[in-house]
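No hydrogens, no waters, no symmetry mates; every other heavy atom, side chains included, goes into these values.
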Amino acid sequence: AMVHELIGITNNVVKTRVDGQRQEIVLSPKQDHFYSENMFNNYADLTENVTALGNVLKSKTPRRDDIRDFKDMREFLHSYPELAELSGSVEKHLTVIQQMSDIITERQLLLVSEVEQELATKSNHGDAVQGVERVLANRGVQARDCLRVVMLYALRYGREARRLSDFMRVVGDRGLDRAMLELVPSMVQYGGSREWSPDLVVGGSPTTATSV
């Protein structure tokens, strides 16, 4: 899902561009054991498993290179082509993860993800407002990601979303067209509290929902 959203994947082919180099990479769970084992992992677990695999390969050499990030790991593999052959598809996964890491950093997606999780799992409206404000105030966050956070805020708090109009105005000032902004009231209308199943909301109030 992360590859599909951040980079794009068509017929198991991912077109990457890292350090100015373009490359087409095939990701198939039938042919790629590492991909099969990690395709449903979250980003933190995925990077941890790739790092662990890289450390295993590094231990096979007498030299102890200083590996600080995925770029260093890819350069290390280039220095030892025999390791790349032993590792199978390690390098291509490093390439994909490095590009995802660059995108996540550029778009401030760790911040966005943190606020999205808080909106989905907590019920404090004041904290929710502060979280949305943090996202909207960060100029590194793209307008479409701001919109997604505002949509989740509107869906989560329903009639209690008192700052919704303010947030929509801020997102509109980012250059998002009106048709995209209209997704917010549409989501509330068709997916708001009136459409929730009884077991989703505790006490009949959207602000006390245990999940979204």
Side-chain angles (χ1 to χ4, degrees), residues 1-10 14-22 41-44 46-47 69-71 95-196 200-201 205-212:
M2 290 184 292
V3 173
H4 176 73
E5 179 179 356
L6 299 180
I7 305 175
I9 181 170
T10 304
V14 180
K15 295 182 179 180
T16 65
R17 183 172 183 175
V18 175
D19 298 332
Q21 297 182 347
R22 296 181 181 273
N41 277 351
N42 59 42
Y43 181 73
L46 175 62
T47 55
D69 53 30
F70 297 121
K71 182 178 180 180
T95 299
V96 172
I97 292 176
Q98 183 180 338
Q99 179 160 349
M100 287 199 300
S101 177
D102 292 343
I103 293 172
I104 288 170
T105 300
E106 179 183 356
R107 291 171 51 183
Q108 300 290 305
L109 292 181
L110 291 181
L111 167 63
V112 173
S113 176
E114 176 188 352
V115 173
E116 288 176 333
Q117 291 182 50
E118 291 176 351
L119 287 171
T121 60
K122 297 183 179 180
S123 301
N124 188 307
H125 183 262
D127 290 345
V129 168
Q130 292 181 12
V132 177
E133 288 177 337
R134 278 194 297 139
V135 170
L136 299 184
N138 191 315
R139 304 304 296 183
V141 179
Q142 293 186 359
R144 58 180 173 174
D145 297 320
C146 289
L147 176 64
R148 190 172 65 247
V149 170
V150 171
M151 292 172 71
L152 185 56
Y153 167 76
L155 183 63
R156 179 67 176 81
Y157 287 94
R159 294 179 181 178
E160 300 295 324
R162 296 182 293 273
R163 295 291 305 280
L164 182 57
S165 59
D166 295 335
F167 293 156
M168 289 181 63
R169 183 168 55 253
V170 173
V171 176
D173 291 342
R174 290 286 194 94
L176 208 63
D177 61 67
R178 186 171 184 81
M180 294 293 291
L181 287 174
E182 289 299 324
L183 292 174
V184 178
S186 296
M187 172 169 282
V188 174
Q189 178 181 357
Y190 295 106
S193 58
R194 289 181 298 180
E195 306 298 327
W196 292 355
L200 184 62
V201 181
S205 170
T207 59
T208 58
T210 56
S211 63
V212 174

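The closest side-chain heavy-atom distance from Met100 to Ile103 is not below 4.5 Å. Considering only heavy atoms from C-beta on, Val141 stays 4.5 Å or farther from Val149 through its side chain. Between Ile7 and Lys15, the closest side-chain pair of non-hydrogen atoms is not below 4.5 Å. Counting only heavy atoms from C-beta outward, the side chains of Val135 and Asp145 never approach each other to under 4.5 Å. Side chains of Val129 and Glu133 form a contact here, defined as non-hydrogen atoms less than 4.5 Å apart. For the pair Cys146/Phe167, no side-chain contact is recorded, criterion being any heavy-atom separation below 4.5 Å from C-beta on. The shortest side-chain heavy-atom distance between Leu111 and Val115 falls under the 4.5 Å cut-off. Within the 4.5 Å cutoff, the side chain of Met168 has no heavy atoms near those of the Glu182 side chain.
The CG atom of Asp127 lies 5.5 Å from the CD atom of Gln130; values are rounded to the nearest 0.5 Å. In this structure, CZ on Arg178 lies 12.0 Å from CG on Leu183, to the nearest 0.5 angstrom. Taken to the nearest 0.5 Å, the OH atom of Tyr43 stands 7.5 Å off from the CG atom of Leu110. Between Asp177 atom CG and Leu181 atom CG the span is 7.0 Å, to the nearest 0.5 Å. Put simply, CD on Glu118 and OG on Ser113 are 10.0 Å apart, with the number rounded to the nearest 0.5 Å. Here CG of Leu109 is found 8.5 Å from CD of Glu116. Values are rounded to the nearest 0.5 Å.
Within the 3.5 Å criterion, the main-chain N or O of Leu147 finds no donor-acceptor partner in the side chain of Arg174. When atom types are taken as modelled, the side chain of Ser101 and the backbone of Ile97 share no donor-acceptor pair closer than 3.5 angstrom. Not one N or O on the side chain of Arg17 forms a donor-acceptor pair closer than 3.5 Å with the backbone of Gln99.
Summarising the geometry of Val112 relative to Arg148, their closest heavy-atom pair is CG1-NH2, 3.6 Å, with the distance given to 0.1 Å. Residues Ala128 and Leu119 come closest through the heavy atom pair CB-CD2, 3.6 Å.
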- Message: Using the rule given for side chain to side chain contact (heavy atoms under 4.5 Å, CB included), can you reason through Gln98 versus Asp102, listing the C-alpha separation, both sets of side-chain angles and the distance that settles it, and then say yes or no?
- Response: CA-CA 6 Å; Gln98 183 180 338; Asp102 292 343; 4.1 Å; yes
- Item | From CA spacing to verdict: side chain to side chain contact (heavy atoms under 4.5 Å, CB included), Arg134, Gln108 | CA-CA 11 Å; Arg134 278 194 297 139; Gln108 300 290 305; over 6 Å; no
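Between Tyr153 and His125, the ring planes are tilted. Angles from 30° to 60° get that label.
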